Amino acid sequence: MLFIDTHTHLYLDEFDNDRRQVVENALSAGVTGLFLPNIDSKTVSPMLQLCESFPEYCYPMIGLHPTSVKEDYMAEIAHVESWLSTHHFYGIGECGLDYYWDKTFTREQEFVFRHHIELAMAYHLPLIVHIRDSFNEVIQILKDVNKPDLKGIFHCFSGSIEQAKQAIGFGFSLGLGGVITFKNNRMQETLKHIDLKHLVLETDAPFLAPVPHRGKRNEPSFIPLIAQKIAEIKNISTEEVAETTTGNAMKLFGIKPGPEA
Ligand code: NI
């Protein structure tokens, strides 16, 4: 079985002591595609370094995370544009709206998000969307910009059936991670109503580790635990979850999977 982790921040400090081992763990678990969403101008270099070390398995993306939208957001945008003009990336993100942590820069977050949608269109790249306490605002922006060709992922999706259908209606896939393994989360019910063809897998490592690692550092080798849980909820085989979600991710990002370890 081959898997793709469509969302992992393996370049962060949390992995400084054992990054190579963590990649090897992923490959041993069959996770041969690691998509790296960027955070801000400080994370681009470590991200690209990781991609140089593992060019067959690591895929960089570029964008400004909503919680990194501060006073200097115009300089950060210029940074993203400059990288895009000189380097190949596989997606725009992560970007979006986060109204949970801090509401100081909500207008700036919205400006940056709209700008990232334009970049995704201009470079024909999928958009990796981060949403926290902002689902309706994100939907409203997608309606406003009205880009039927726009594709991407609602990262860490955990919404209602209605919200899932709205996201899918905009041509987006739903990124499912460790949260699906948590007790009493509404995504388990939502998932029963959503076809596998709309799903991709992700860890968001080092955050949101699945059960039985909940609360500890997450890593891409835990992807099969997420696939197993989805299989259990949908009453299908883990093989089917692996095959379909890997195919979905490859199609979305326009890649072939790396060689099996
Ligand atoms: Ni993330």
Side-chain angles (χ1 to χ4, degrees), residues 3-16 19 22-23 26 31 33-48 50-51 57-70 73 76 80 83 89-102 105 109 112-113 116-117 119-120 125-135 138 152-159 167 172-182 185 187 199-210 213-223 225-226 245 249 252-253:
F3 299 93
I4 291 178
D5 185 349
T6 60
H7 195 117
T8 175
H9 301 282
L10 257 191
Y11 50 80
L12 291 179
D13 300 350
E14 281 87 343
F15 298 101
D16 278 357
R19 193 170 282 109
V22 169
V23 173
V31 186
L34 304 170
F35 283 82
L36 308 166
N38 188 46
I39 294 173
D40 57 33
S41 56
K42 293 184 287 298
T43 51
V44 183
S45 294
M47 178 177 70
L48 292 179
L50 174 61
C51 293
Y57 306 110
C58 290
Y59 302 89
M61 306 196 271
I62 191 80
L64 179 60
H65 194 289
T67 61
S68 291
V69 174
K70 307 282 185 214
Y73 69 101
E76 285 283 339
V80 167
W83 273 111
F89 293 93
Y90 290 84
I92 299 292
E94 65 185 280
C95 61
L97 305 176
D98 191 313
Y99 294 169
Y100 178 79
W101 291 109
D102 186 0
F105 294 101
Q109 282 191 28
V112 172
F113 182 44
H116 278 46
I117 293 173
L119 290 177
L125 291 172
L127 189 72
I128 310 306
V129 185
H130 170 112
I131 296 170
R132 197 143 184 216
D133 289 352
S134 57
F135 187 86
V138 165
I153 298 172
F154 273 46
H155 150 59
C156 199
F157 185 85
S158 60
F172 279 72
S173 303
L174 309 179
L176 292 200
V179 174
I180 195 70
T181 68
F182 298 175
N185 78 87
M187 191 56 210
L199 304 181
V200 294
L201 306 181
E202 59 172 47
T203 55
D204 203 18
F207 315 108
L208 294 171
H213 307 285
R214 189 173 179 179
K216 303 204 184 90
R217 186 187 71 170
N218 200 0
E219 60 170 82
S221 67
F222 296 162
I223 281 278
L225 294 169
I226 297 159
T245 57
L252 180 65
F253 289 108

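Whatever order the structure lists them in is the order used to number ligands and atoms, beginning at 1. As the structure is a prediction and not an experimental result, all values here were calculated from the model. Note that these values count all heavy atoms, side chains included, but never hydrogens, waters or copies made by symmetry.
- For the residue pair Glu94 and His9, a side-chain donor N or O sits within less than 3.5 Å of a side-chain acceptor on the partner.
- Thr181 places a side-chain N or O within 3.5 Å of a backbone atom of Gly178 that can act as its donor or acceptor partner.
- Counting just the N/O/S atoms of Glu94, the one with the shortest distance to the Ni ion (ligand 1) is named OE2.
- Closest to the Ni ion (ligand 1) among the N, O or S atoms of His7 is NE2.
- The closest side-chain donor-acceptor pair between Asp98 and Thr67, if any, does not fall under 3.5 angstrom.
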Carefully, step by step, assess Trp83 and Leu48 under the rule side-chain contact (heavy atoms from CB on, under 4.5 Å).
CA-CA 11 Å; Trp83 273 111; Leu48 292 179; 3.3 Å; yes
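- For residue His9, an N/O/S atom approaches the Ni ion (ligand 1) to within less than 2.8 Å.
- Between the Ni ion (ligand 1) and the N, O or S atoms of Asp204, the shortest distance is to OD1.
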